[in-house]
Amino acid sequence: MSQVAVLSRTLTRHVERDDEPRQLPLDFRLIARLLRTTEKWKSKRFRLLVAVLIRAIQLPALTWILTAVIRGPVAQNDPAGVCYGAVAFAALAISTQLVMHYRQRLALELGEAVVSDLRNQLFTHMQRMPMRWFHTNRIGRVISRMTSDMEDIRIGVQEVFYVTIVQFIQMGIAAAAMIWYDWSLFLIVLGLAPIIWLINRHFHHRLSDALRNMRESFSRVTATLVESVVGIRVTQGFVRQQENARVFRDLATDHSRYNTRVLKTQGTFLPLLEMNSQIFLAILLFVGGYRVLTPGHSIQIGDLVGFFFMANLFFSPISILGNQYNQAMTAMAGAERLYRLLDTEPEWTDRADAIDLSDVEGRVDFDKVSLEYESGRPVLRDITFSAKPGSVIALVGHTGSGKSSIINLVARFYLPTSGTVRLDGVDIRQVRGHSLHRHMGIVQQQNFLFSGTVAENIRFSRPEATDEELVTVLRKLDCEDLITSLPEGLQTRVGEGGASISAGQRQLICFARAMLANPAILILDEATSSIDSATEARLQTALERLLKGRTAFVVAHRLSTIRNATEVLVLDHGRIVERGSHDHLMNLGRVYAGLYESFVRQR
């Protein structure tokens, strides 16, 4: 592994999958799949195809008119015929440009429609993925699918296929005309085919690999950029700017190297195609000129001129097709990566017979539950407990003991490796995810807010809620004054991630968001860690009232926040080592008592 890759992985803390399977450069199954994406726009696609066919015929027709005028009226000294020919040529040329405009407009509209649809599919698909997928995939890879890969597919849909049709039809008509003029000269043109095949065979693997390497390196650049921006506070706090800049510079240089390799390969491939065309034209000129000047040969100079016009029409698409081939491989690389993501099925989804929960009492049962994030490395072992409706279950233990893992199972962000988690006696595997989460409220330590206003963020859990209902929730939490003290009150914009307000205010907004949903089950995962002691005291009093009738799971290092819990579960290395009320566990004088005494000494 290169030093650049190691530095990148160290900075981003994710695993970069560089060992993804690779397909052939032009996979016709993938091409067919891309074409099927245009099924929704059959009418537009049909009109575009008609325009393409007309355009493909018009171009050789222009050359044929020009040749016919030279062979006829010009050779016969017929001024009137020349004028008629010029008028016909001009009329056809104008119609050709009109058809080209129509074709390009339809192609752009079709490409935009397909890309927009694919973006929506990809976003919807990602929303279905379980939490493990987001924990194991780099955000830069997802962004590159939405940006660069989509743009490559756009070019493939709106340009490559239709431009290629035009060029091939043009070459076919030109070939037929050359055979009509002089079939023996056309045999020389056929000699070009194996040479083009050999050139294409030599370059297509090199170009395909170079394009894929370039896209993968761009994903690494994007991932590092995103994470560096998100973590800028940590970067500046630890004076990491120069080191991060060096890592990014190495990644950018790596990407530039791959990009340069693509350009060099293309810069060799296309000139070779064009050079071969020119060489063959020179051979045709020599042989054709010799036959015209040599007595006994039947070819006339007018036929030779027509043959050369058609030969030029035959050879000119070769460099265009070479460029289209490059773009096709780029589109294939983007489509391959996009469809691999779209074809990645979630590890689990709602069962076909899953049910909706209407009235939830809030009883949660863990029955011999174990959980592994990675095979063979359990983070929870044989967890069994019951949370009765309206009870408060406190989860206590050192970092890594399994507290958040239990929360993940309650919220069904993960499914247990073994054992059963039940809600009101129903296995959560048999409950629809939307139905389950409608009855849950979650406040996490990482108080994430979306860009928008305070009101929009609180209303996120129940979009139809009125401003009066928002204020009522804030009053119940005894924090109305802390929010209304903001410059524009509920209409204050919080900035990206809530950057324009304090950490404590962000956490209070998260509390209000959870309580607005009126959940039967409330999960507080280090929910008061960002709040000062005075605000926490006010909030604790309010929470005591609000938690009545709700089943609550509380994770906290501040043991003072769980003193009144119905039951405290003390975890160690994924096992429950103690359970009971605060007073009971203090009287035991074991693990919990030691944790509490350590907390008291640190105050």
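- Thr124 places no side-chain N or O within donor-acceptor distance of the main-chain N or O of Gln121, the cut-off being under 3.5 Å.
- Side-chain contact check for Ser370 versus Ser418: some heavy-atom pair is nearer than 4.5 Å.
- Separation of atoms OG1 (Thr492) and CG (Leu490) is listed at 8.0 Å; rounding is to 0.5 Å.
- Here the side chain of Ser116 pairs no donor or acceptor atom with the backbone of Ala113 at under 3.5 angstrom.
- The minimum heavy-atom distance between Pro346 and Pro130, with the atom names listed, is CB-CD, 3.7 Å.
- When side chains are defined from C-beta on, Ile165 counts as touching Leu49, because their heavy atoms get closer than 4.5 Å.
- Under the side chain to side chain contact (heavy atoms under 4.5 Å, CB included) criterion, Arg550 pairs with Met515, Asn518, Pro519, not counting sequence neighbours.
- With hydrogens and angles ignored, the 3.5 Å screen pairs a side-chain donor or acceptor of Thr344 with a backbone N or O of Arg340.
- Looking at Glu456, its side chain does come within 3.5 Å of a backbone N or O of Thr453 through a donor-acceptor pair.
- How far CD of Gln491 is from CG of Leu486: 11.5 Å, rounded to the nearest 0.5 Å.
- Looking at Arg462, its side chain does come within 3.5 Å of a backbone N or O of Leu516 through a donor-acceptor pair.
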Checklist entry - Does the pair Val443 and Asp525 meet the rule for a side-chain contact (heavy atoms from CB on, under 4.5 Å), with working shown? => result CA-CA 6 Å; Val443 184; Asp525 189 359; over 6 Å; no
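- One distance of note links CG of Asn120 with NE2 of His125; it measures 14.5 Å at 0.5 Å rounding.
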Item to check | Test side-chain contact (heavy atoms from CB on, under 4.5 Å) applied to Met150 and Arg154, step by step | outcome: CA-CA 6 Å; Met150 285 292 184; Arg154 181 201 302 274; over 6 Å; no
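- In this structure, Thr417 contributes its side chain and Glu372 its backbone to a donor-acceptor pair below 3.5 Å.
- Between Asp254 and Asp250, every side-chain heavy-atom pair lies at or beyond the 4.5 Å cut-off.
- Thr420 contributes atom OG1, which lies 11.5 Å from atom CG of Leu409 (distance to the nearest 0.5 angstrom).
- Between the Asn457 side chain and the Phe450 main chain, a donor and an acceptor come within less than 3.5 Å of each other.
- Scored by the salt bridge (Lys or Arg N to Asp or Glu O under 4.0 Å) test, Glu39 finds Lys42, Arg45 as partners (sequence neighbours excluded).
- Using a 4.5 Å cut-off on side-chain heavy atoms (C-beta onward), Tyr339 and Leu118 make contact.
- Summarising the geometry of Met126 relative to Met146, their closest heavy-atom pair is CE-CE, 4.0 Å, with the distance given to 0.1 Å.
- Glu374 has its side chain out of reach of Val379: every pair of non-hydrogen atoms, C-beta onward, lies at least 4.5 Å apart.
- Take His439 and apply the ring pair (Phe, Tyr, Trp, His ring centres under 6.0 Å) test, not counting sequence neighbours, and it matches no residue.
- One finds the CG atom of Asp152 at 9.0 Å from the CZ atom of Arg337 (value rounded to the nearest 0.5 Å).
- For NZ of Lys44, the number of neighbouring non-hydrogen atoms (other residues, nucleotides, ligands) closer than 6.0 Å is greater than 12.
- Closest heavy-atom contact between Gln58 and Thr96: OE1-CA, 3.3 Å.
- Ser435 contributes a side-chain N or O that, together with a main-chain N or O of Leu357, makes up a donor-acceptor pair within less than 3.5 Å.
- Checked by atom type and distance alone, the side chain of Asp365 never pairs as donor or acceptor with a backbone atom of Arg422 at under 3.5 Å.
- Asp427 has its side chain out of reach of Val421: every pair of non-hydrogen atoms, C-beta onward, lies at least 4.5 Å apart.
- Of the charged side-chain nitrogens involved, none lies within less than 4.0 Å of a carboxylate oxygen, so that Arg145 and Glu151 do not count as a salt-bridged pair.
- Among residues two or more places apart in sequence or in another chain, the salt bridge (Lys or Arg N to Asp or Glu O under 4.0 Å) test is passed with Asp353 by none.
- Side-chain contact check for Gln444 versus Ile407: every heavy-atom pair is 4.5 Å or farther apart.
- Residues forming a ring pair (Phe, Tyr, Trp, His ring centres under 6.0 Å) with Phe161 (at least two apart in sequence, or on another chain): none.
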Checklist entry - Given Thr38 and Leu110, is the side-chain contact (heavy atoms from CB on, under 4.5 Å) satisfied, shown in steps? => result CA-CA 8 Å; Thr38 64; Leu110 182 63; 4.2 Å; yes
Item to check | Derivation of the salt bridge (charged side-chain N to carboxylate O under 4.0 Å, His left out) call for Arg363 and Asp424 | outcome: CA-CA 5 Å; Arg363 180 182 179 87; Asp424 288 352; over 6 Å; no
Item to check | Stepwise side-chain contact (heavy atoms from CB on, under 4.5 Å) test for Leu449 and Ile509 | outcome: CA-CA 8 Å; Leu449 298 182; Ile509 293 171; 3.7 Å; yes
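- Closest heavy-atom contact between Ile501 and Arg506: O-NH1, 2.9 Å.
- With sequence neighbours excluded, the residues that form a ring pair (Phe, Tyr, Trp, His ring centres under 6.0 Å) with Tyr373 are Tyr414.
- A cation-pi geometry, defined here as NZ or CZ lying under 6.0 Å from the six-membered ring centre and within 45° of its normal, does not hold between Arg103 and Tyr162.
- Open room surrounds CG on Asp359; 12 or fewer heavy atoms of other groups in view lie less than 6.0 Å from it.
- Atom CE of residue Met100 and atom CD1 of residue Ile54 lie 15.0 Å apart, to the nearest 0.5 angstrom.
- Taking 4.5 Å as the limit, every side-chain heavy atom of Asn408 sits out of range of all side-chain heavy atoms of Ile406.
- In terms of heavy atoms, Lys40 sits closest to Asp117 at NZ-OD1, 2.7 Å.
- Judged purely by atom type and a 3.5 angstrom limit, His437 uses its side chain to pair as donor or acceptor with the backbone of Gly433.
- Shown are Arg412, Arg429, Arg128; of these, the salt bridge (charged side-chain N to carboxylate O under 4.0 Å, His left out) with Asp350 is made only by Arg412.
- Minimum heavy-atom separation, Leu122 to Leu342: CA-CD2, 3.7 Å.
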